[in-house]
Asks: 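Can you read through this structure? Questions will come right after.
Note that the structure is a prediction, hence the values are computed from the model and not measured. Per chain, numbering begins at 1; letters A, B, ... match sequence-line order.
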Protein chains: 2
Amino acid sequence: MAETARHHEPRYGIRPTMKDVAARAGVGLKTVSRVVNGEAGVTPDTERRVTEAIDALGFRRNDSARVLRKGRTASIGLVLEDLADPFYGPLSRAIEEVARAHGALLINGSSAEDADREQELVLAFCARRVDGLIVIPAGGDHRYLEPEIKAGVATVFVDRPAGRIDADAVLSDSFGGAREGVAHLVAHGHRRIGFIGDQPRIHTATERLRGYRAAMEEAGLEVADAWVALGSTEPERVRAAAEAMLSGPEPVTAIFAGNNRVTVTAVRVLAGREHPVALVGFDDIELADLLGITVISQDSATLGRTAAERLFRRLDGVDEAPARVVLPTTLIARGSGEIPPPPGA
Amino acid sequence: MAETARHHEPRYGIRPTMKDVAARAGVGLKTVSRVVNGEAGVTPDTERRVTEAIDALGFRRNDSARVLRKGRTASIGLVLEDLADPFYGPLSRAIEEVARAHGALLINGSSAEDADREQELVLAFCARRVDGLIVIPAGGDHRYLEPEIKAGVATVFVDRPAGRIDADAVLSDSFGGAREGVAHLVAHGHRRIGFIGDQPRIHTATERLRGYRAAMEEAGLEVADAWVALGSTEPERVRAAAEAMLSGPEPVTAIFAGNNRVTVTAVRVLAGREHPVALVGFDDIELADLLGITVISQDSATLGRTAAERLFRRLDGVDEAPARVVLPTTLIARGSGEIPPPPGA
DNA sequence: CATTCACCTGACAACGTTGTCCAGGGCCTA
DNA sequence: TAGGCCCTGGACAACGTTGTCAGGTGAATG
């Protein structure tokens, strides 16, 4: 924030305060407060005078001061990975709706999958004294949150569990979903199936890999090292990983994509292939139906809503042990599973 | 917000204040403030004592109090239509990045295209004394914002201009983009082209329709009434509109879709057709390349960034007349323009 | 007519922080 | 050694609101 050197800032537009309203209406400060808050015990006549003064001056209550006095901010903080990711938009929106129903506002921040930035955001929110926090963790150690939670900041983790502390978490069934998706490929006759997932430090990535391995094992299939690739979801890396497992000595005939970003790039890679390769992806993506992509769908809005409801239950005083809620995923089978070449190509 | 009846709240976890830190460190209140804010004029030894006390107590500065004292909140409010829409995610994210660079946090709210809700959100943000506002307007009358702007709340409108007040606006070239898109269809030999857009009270919708009409006129083509449909972007309505213009006495051979939601539904409708129908859509959508959909792309991130930069320039004291910035759109031609049938169908 | 009571109203303190201003101590210089 | 200056530290008020409490008025009751 640019720091101006001036000390007495010229106060751009001075805002009227309750004091100003009181003076103009010829009443006491507290009476204005009562009118503004709709408290009982004000004569209609007095109320009218105050209301007129408010309108005349364009007064609007300063919630900063109110917050300071009352201790509650009626706001919650949401830290997620990247608001631009289509998975997080609906999640954020769902949380906002629940917050709105509880009269709270939502502050959100993107961690960009960086643990330091996550912590920075979380602590900034705490400094603002948000009533509660919903966190999609980037880091693996949340002990830094312990004093805040002890101080009364309700906290719920979403999509991935907290690290090193005991806290509420609302998750999707990554293991089960991946297992089901891979089993689907097996059922369609595939024997050599590749797995491309996110970075191994991310809980969902390893869980989905676990699901993949479980499904393969259950089918009595060996997994070659070359078939598994965990790492960044940058398009170049995904492309390289996919091409590697498609061209090795034991080329895969199907790929399981660990999340929506991987799926998108994988679709592009596979669309250019001569021999069709099947694809199943974790997370539904727009227009996947038209491309015939089978997916393991997790409803990010439900994830968000569930977490937010849990948060507000805590804020309403419900005091139970932290729990882990796991929401089921849905396999949506579409088309043959092979990606057609792009039209006009 | 659930109101607890208790008056003296038991103060869940009592948070230590600077006073507590001062007492523990055996220094004055202001000295703690100095250390916390990294101000000069504190002996290393004193600073160490204070820092130790801070760590021991788990103190974190209460920014609510700070805000009250300083007058600036280092936060900005963003009101958009729906965070779950893939167009707004990147826009919000871009604004967040700019805000972050300026040390500010972002509060956002979705108006759900409802003018009352927009106003409610905006005024709630003002009550929190956000330093600035970025608004994607739902309503058509923003005179209610005048006192706030006069009181110093910097305001920038995005995607659509403000109604009835003079304020900064950052827009995409809806007219030019639509004209170019329709001209593209004309160039490919289409003569009967339909237009499906959003509700007529939305500025971008009417601008795009204007662009469509301009392109048709420039090509010397008449526009039949049945070829134009403005209204809600609900899938059912778009589907009905598309089917109507495809089956009338003068069926269209191409459709221009007014925004991303229309495009998505239109793609689905057209994918099921026997005779291929061309489609050009406003807004790029994920995987449009694989489906060969030509689009008029507007970069929502740039839109957001431009607006945020303008906002912070104002907050830094730059005082110029409100202006309207129009960003160009890009036509991305893909494939033949015809939608292929879904695979496996 | 005195007393009680309900109801309205306002003075005051407090929330936790920061800006202002002054006091005291150490050090340098004349 | 005295004077002055700089540097550090702290007392105090103020930001705008709300909770507490007491005063004051008028009506109802004995």
Asks: With a cut-off of less than 4.0 Å, is there a side-chain N or O of A:Asn62 near OP1 or OP2 of D:dC15?
Replies: no
Asks: Report which part of the nucleic acid A:Asp63 touches: base, sugar-phosphate, or nothing (heavy-atom distance under 4.0 Å, all strands).
Replies: nothing
Asks: Looking only at the side chain of A:Thr31 (C-beta and beyond, no hydrogens), which of the listed nucleotides D:dG10, C:dT9, C:dT18 gets closest?
Replies: C:dT9
Asks: How long is the line joining CG of B:Leu68 and P of C:dC15, in whole Å?
Replies: 14 Å
Asks: So for B:Arg34 and D:dG10, does any side-chain atom that can act as donor or acceptor lie under 3.5 Å from a complementary atom in the base?
Replies: yes
Asks: Below 4.0 angstrom, N of the basic side chain to O of the carboxylate: do A:Glu81 and A:Arg160 qualify?
Replies: yes
Asks: Let me know the distance between NZ of A:Lys70 and P of C:dG16, rounded to the nearest Å.
Replies: 15 Å
Asks: Salt-bridge test for B:Glu148 and B:Arg128: reply yes if a basic N is under 4.0 Å from a carboxylate O, no otherwise.
Replies: no
Asks: With the threshold set at under 4.0 Å for non-hydrogen atoms, list the residues of residues 16-26 of chain A touching DNA chain D in residue-number order.
Replies: A:Thr17, A:Met18
Asks: Does the distance from a Lys or Arg side-chain N to an Asp or Glu carboxylate O, for B:Asp45 and B:Arg48, drop under 4.0 Å?
Replies: yes
Asks: Using whole Å, what does the distance between atom C1' of nucleotide D:dG16 and atom CZ of A:Arg66 come to?
Replies: 12 Å
Asks: Classify A:Val27 by what it touches in the nucleic acid, base, sugar-phosphate, or nothing, heavy-atom distance under 4.0 Å.
Replies: sugar-phosphate
Asks: I'd like to know if A:Asp63 and B:Arg129 make a salt bridge, using a cut-off of under 4.0 Å between side-chain N and carboxylate O.
Replies: no
Asks: To the nearest angstrom, how far is B:Glu39 atom CD from C:dT17 atom P?
Replies: 14 Å
Asks: For the helix from C:dC1-D:dG30 to C:dA30-D:dT1, measure the angle between the helix axis at one end and the axis at the other, each built from five pairs, rounding to 10°.
Replies: 50°
Asks: Work out which heavy atom in B:Ala74 is nearest to a heavy atom in B:Asp131; give both atom names and the distance.
Replies: N-OD2, 2.8 Å
Asks: Compute whether any side-chain donor of one residue and acceptor of the other, for A:Asp168 and A:Thr155, lie under 3.5 angstrom apart.
Replies: no
Asks: Could I get a table of every N or O pair under 3.5 Å where one atom is in the protein and the other is in nucleotides 12-14 of chain C?
Replies:
unit_1: C:dA14; atom_1: N3; unit_2: A:Arg69; atom_2: NH1; d: 3.2

Asks: Judged by modelled atom types alone, do A:Asn108 and A:Ser92 share a side-chain donor-acceptor pair under 3.5 Å?
Replies: yes
Asks: Partners of B:Ala154 by side-chain contact (heavy atoms from CB on, under 4.5 Å), sequence neighbours excluded?
Replies: B:Leu311, B:Arg314, B:Leu315
Asks: Could you walk me through whether A:Glu118 and A:His142 pass the side-chain hydrogen bond (donor to acceptor under 3.5 Å, both in side chains) test, one step at a time?
Replies: CA-CA 10 Å; A:Glu118 170 208 305; A:His142 297 91; 2.9 Å; yes
Asks: So, A:Glu120 and B:Arg100, do they make that salt bridge, N to O below 4.0 Å?
Replies: yes
Asks: Strictly below 4.0 Å, heavy-atom distances to any atom of DNA chain C: list the hits from residues 42-61 of chain B, or just say none.
Replies: B:Phe59, B:Arg61
Asks: When you measure from the side chain of B:Glu96 to the backbone N and O of A:Ser110, does any donor-acceptor pair fall under 3.5 Å?
Replies: yes
Asks: Do any pairs count as a salt bridge (charged side-chain N to carboxylate O under 4.0 Å, His left out) and have a residue in residues 23-41 of chain A, sequence neighbours left out, and if so which ones?
Replies: none
Asks: Charged N to carboxylate O under 4.0 angstrom, B:Glu97 versus A:Arg117?
Replies: yes
Asks: Check whether any side-chain nitrogen or oxygen of A:Ser33 sits under 4.0 Å from OP1 or OP2 of D:dT17, and answer yes or no.
Replies: no
Asks: In terms of the angle between their ring planes, are A:His102 and A:Phe312 parallel, tilted or perpendicular, with boundaries placed at 30° and 60°?
Replies: parallel
